[in-house]
Amino acid sequence: MIRQLTSSERQNAAVIAIAVAIVGLAMAAVGRTDVLGVHGVMVMLFAGAVLFYVLSGLYQPEPTEDRETSYYDDPIKVGIVLSMAWAVFGMFMGVWVAAQLAWPNLAFDAGWSSFGRLRPTHTTGVIFGFGGNALIATSFHVVQRTSRARLAGQLSPWFVLLGYNLFCLLAVSGYLIGVTQSKEYAEAEWYADIWLVIVWVTYFILYLRTIARRKEPHIYVANWYFMAFILVVAILHIVNNLALPISWGHAKSYTVWPGVQDAMVQWWYGHNAVAFFLTAGFLGMLYYYLPVRAQRPIFSYRLSILSFWGITFFYMWAGSHHLHYTALPHWVQTLGMTFSVMLLVPSWASAGNALLTLNGAWHRVRDDATLRFMMAAAVFYGISTFEGSFLAIRPVNSLSHYTDWTVGHVHAGALGWVALITFGSLYTLVPSLWKRERMYSAALVEVHFWLAIAGTLIYVFAMWNSGIIQGLMWRTYTEEGALAYSFVDSLVAMYPYYIARAFGGLLFLIGAVVGCYNIWMTVRSAPLAAPLNADVPIAPAVAGE
Amino acid sequence: MPEIFHRKLERSAIGLVIAIIAAASVGGIVEIAPLFTIDETVEEAPDMRMYTPLELAGRNIYVREGCYACHSQMIRTLRDEVERYGPYSLAVESKYDRPMLWGSKRTGPDLARVGGKYSDFWHVAHLTNPRDVVPESNMPAYRWLARTSLKMEDLPLHLAAQKALGVPYTDEMVENAARDAYGQATPDTDFAAGVATRYGDETQVSAFDGVKTDVTEMDALVAYLQILGRLTGAAYENTAAPEGKPNPEG
Ligand code: HEM
């Protein structure tokens, strides 16, 4: 990998690594009496490892051929590997916390292993670790292929990828040692947040500069989504994480937003993390890999425009549906509900566009589990956006909120949509990237598909049941007009579903492990196909346009 | 026509960037900015007091341990919630809360008004092993809290940061933060008296975890649990009736 860099680029890499190590050293020094010091040491070790790698390759031969005649695929390959590693970690944590809810003693007698600390390692691990790395990797791939230009930087893709993973490591390890802001999906503390801003701005500039090099007059749909993802996530992240550290030597900070305003900002962020991280970015994947795999152009250009702007505009109003019947002013709740219902239109426009693209390729869907992953993802996307609009209606929300129904809804989207579209995209991408003819084993892709579908269905049905039962028990009255059930009664009714959910999650996790094995074997042992001579910059049409 | 316009737009990366920022900004601005300017957003509560340093430390432990992942602190304006948990929550009650801990999931019950519901002793037993008290519970055991001394020397920094953000702590409160935390958990010492002077006579001073000599994280957490819902009485005064169960006929 280092062979792709010139010696001056290698020196720059070393300088950056040294600078980061110095920051780590400073953190370790000023934070030595605090958990901040632990993170300082981690930053130093991370930067040290990168530095070691760069220095050990410093005198390797320089690239000889003109790099502009080929795509820059090394960072994408590493991104895929990282994404799968995080998938296994994050889903393992998911299974663990699921099991803790069923069997609460599945923890050690120490803070780090208790539910409240593990749960955010699950959410961060899957959303940012698995999802984020997959997004970075696929966005690098898609932007090069659709622009027919090489990435506009040799070092910056590595900076983005590795810097991002350093952020994920700081976040996840932080929860275990007790560093958290407690804001859902924004738990990482101020120094990690600042670091992410630096990484993200680099990402944005890299993306924009690559698009500026495109040999195509138009910017392809998938890139609109990736751009919206990068831009809006930056805005959300900065606003929600504005905070005052208690000192430079402490990890702890206090958010600038108090009480009710904090609630609104947090859910404006939280909901749009779903919209722009877990939806827009993955729609970018869908709009590229689905047509490529199905070998059919996107069904409707108009629908793409409608759904893109609909999603970009409507979603940002919807966050307050997380705060129905709370102390948030009523008018904001009503706005949130209204826009959430309207969101169904652009959401179904996307899902419909995807499914109609498959029209005429159904035989491929039948035979090719990879394409079936993407088809199932589009279906789950349709289901969970419908469910989302439904849950945002105030009276429905009065039943569902605070219950497992929300968790079921989240995972219909997270497992059914986010994870399935990712697996489908990776199974398309891996063979083409490593220049293999196909995945090592089509049968294992098939096995993974059915494990994932079974796991998702068991998970979602268990949580629908438990959530609705819970919500109903809380509001059931006896004939005398007293509440019929104590809280603990409702808890006892949940246990069978908690066990079922843990089982469904376990199936899903096993599927991911099978996927890792298959990818690994593809990289290791599958024979080299004849070079795909079309896969170079400034080449004739890419499938799917 | 719009299609032709869009074909132009998608030829320009900068054009797209600006259009995306514009489209995405409206919602947030319309919904968030007025929350700071419209006075009715947060009610008046002249009797509202701030967290003592010990309670604040307890709150931070609540945050650190992720109690919010299972417990809400927001009673909605629904009849069954009011009957189960007490008067619905008002915005003013979390006016000093950074971050808010309204929560989104009730694996356990709402805690917005749990203060005073149980004795300190109950809380300590429950936190030490919930299943000793409620056999069906799936709440984690927090035994180590009683073994871990509370880090008090940083508390002035915590109060100073809160003060900088607008919580009306006085300089005196900031300076005495560590002493006050100690005093609140060690009745009958000289430090205890200062807590009452600075935070009011009604502040609960006690050896929360039953041990008077050492101030542990258990002390802080229980002190925080015992103040929940009791910073102000506003919620108990002339608030509107809660909404009943939604009724399909309207
Ligand atoms: C192996 C599969 C998985 C299992 C067993 C699992 C399990 C869980 C559990 C037990 C919770 C906590 C629920 C609670 O507090 O009651 C949770 C929350 C969550 N998980 Fe997963 N999960 C899995 C996969 C995923 C994936 C792939 C994603 C996203 C890409 C995801 C996103 C989330 C989110 C966003 C939450 C927070 C939900 C909320 O606050 O309402 N999960 N998961």
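All values below were derived from every heavy atom in this structure, side-chain atoms included, with hydrogens, water molecules and symmetry-related copies excluded. Chain A is the first sequence line, chain B the second, and so forth, proteins listed ahead of strands; every chain is numbered from 1.
Residue contact with chain B, scored on non-hydrogen atoms closer than 4.5 Å, is absent for A:N223. Looking at B:L145, neither its backbone nor its side chain comes within 4.5 Å of chain A, counting heavy atoms on both sides. Within the 4.5 angstrom heavy-atom criterion, atoms from both the backbone and the side chain of B:V26 approach chain A. Looking at B:V92, there are no atoms closer than 4.5 Å to chain A (heavy atoms on both sides), in backbone or side chain. Using a 4.5 Å cut-off between heavy atoms, B:I61 does not touch chain A at all. Using a 4.5 Å cut-off between heavy atoms, A:R119 touches chain B through its side chain atoms alone. Interface residue A:P329: only side-chain heavy atoms are found under 4.5 Å from chain B. Only the side chain of B:L56 comes within contact range of chain A, judged by heavy atoms closer than 4.5 Å. Both the backbone and the side chain of A:H401 come within contact range of chain B, with heavy atoms under 4.5 Å apart. Only the backbone of B:S12 comes within contact range of chain A, with at least one heavy atom under 4.5 Å from a heavy atom of that chain. Both the backbone and the side chain of B:V63 come within less than 4.5 Å of a heavy atom in chain A. With a 4.5 Å cut-off on non-hydrogen atoms, B:Y142 touches chain A through its side chain but not through its backbone. With a 4.5 Å cut-off on non-hydrogen atoms, B:L159 does not touch chain A at all. Looking at B:V167, there are no atoms closer than 4.5 Å to chain A (heavy atoms on both sides), in backbone or side chain. Using a 4.5 Å cut-off between heavy atoms, B:A160 does not touch chain A at all. At a 4.5 Å heavy-atom cutoff, the contact between B:K95 and chain A is made by backbone atoms alone. Within the 4.5 angstrom heavy-atom criterion, no atom of B:K8 approaches chain A.
Looking only at heavy-atom pairs under 4.5 Å with chain A, the residue among B:A141, B:S72, B:C67 that has the most is B:S72. Ranking B:R143, B:H158, B:Q162, B:E81 against chain A, the residue ahead of the rest is B:H158, based on heavy-atom pairs under 4.5 Å. Ranked by heavy-atom pairs under 4.5 Å with chain B, the first of A:F314, A:Y315, A:Y498, A:W331 is A:W331. Note on A:L399, A:V492, A:V256: by heavy-atom pairs under 4.5 Å with chain B, the leading option is A:V256. Between chain A and the options B:S104, B:A91, B:S89, B:P140, the largest number of non-hydrogen pairs under 4.5 Å is found for B:S104. Taking chain A as the reference chain and counting heavy-atom pairs below 4.5 Å, the highest number among B:A23, B:A164, B:A19, B:G66 is found for B:A23.
Remark: aromatic rings of A:H218 and A:W224 are distant, center separation not under 6.0 Å. Residues A:W267 and A:H271 keep their aromatic ring centres 6.0 Å or farther apart. Aromatic rings from B:Y62 and B:Y68 are positioned such that their centres are separated by 6.0 Å or more. Taking the six-membered ring where the residue is Trp, the centroids of A:W103 and A:Y495 are separated by 6.0 Å or more. Between A:F308 and A:Y225, the gap from one ring centroid to the other is short of 6.0 Å.
No side-chain donor-acceptor contact under 3.5 Å links A:T180 and A:R117. A side-chain N or O of A:E189 and one of A:S253 form a donor-acceptor pair less than 3.5 Å apart.
Between B:R106 and A:D404 there is no salt bridge, since no side-chain nitrogen of the basic residue lies less than 4.0 Å from a carboxylate oxygen of the acidic one.
Aromatic ring orientation, B:W122 versus B:Y118: parallel (interplanar angle below 30°, classes split at 30° and 60°). Ring-plane geometry between A:F487 and A:W474 is classed as parallel, the angle between the planes falling under 30 degrees on a 0 to 90 degree scale with a further cut at 60.
Residue B:K105 places its NZ atom among more than 12 non-hydrogen atoms of other residues, nucleotides or ligands, all under 6.0 Å distant. No more than 12 heavy-atom neighbours from other residues, nucleotides or ligands sit within 6.0 angstrom of OH on A:Y485. Atom CH2 of A:W248 sits in a sparse spot, with 12 or fewer heavy atoms from other residues, nucleotides or ligands closer than 6.0 Å.
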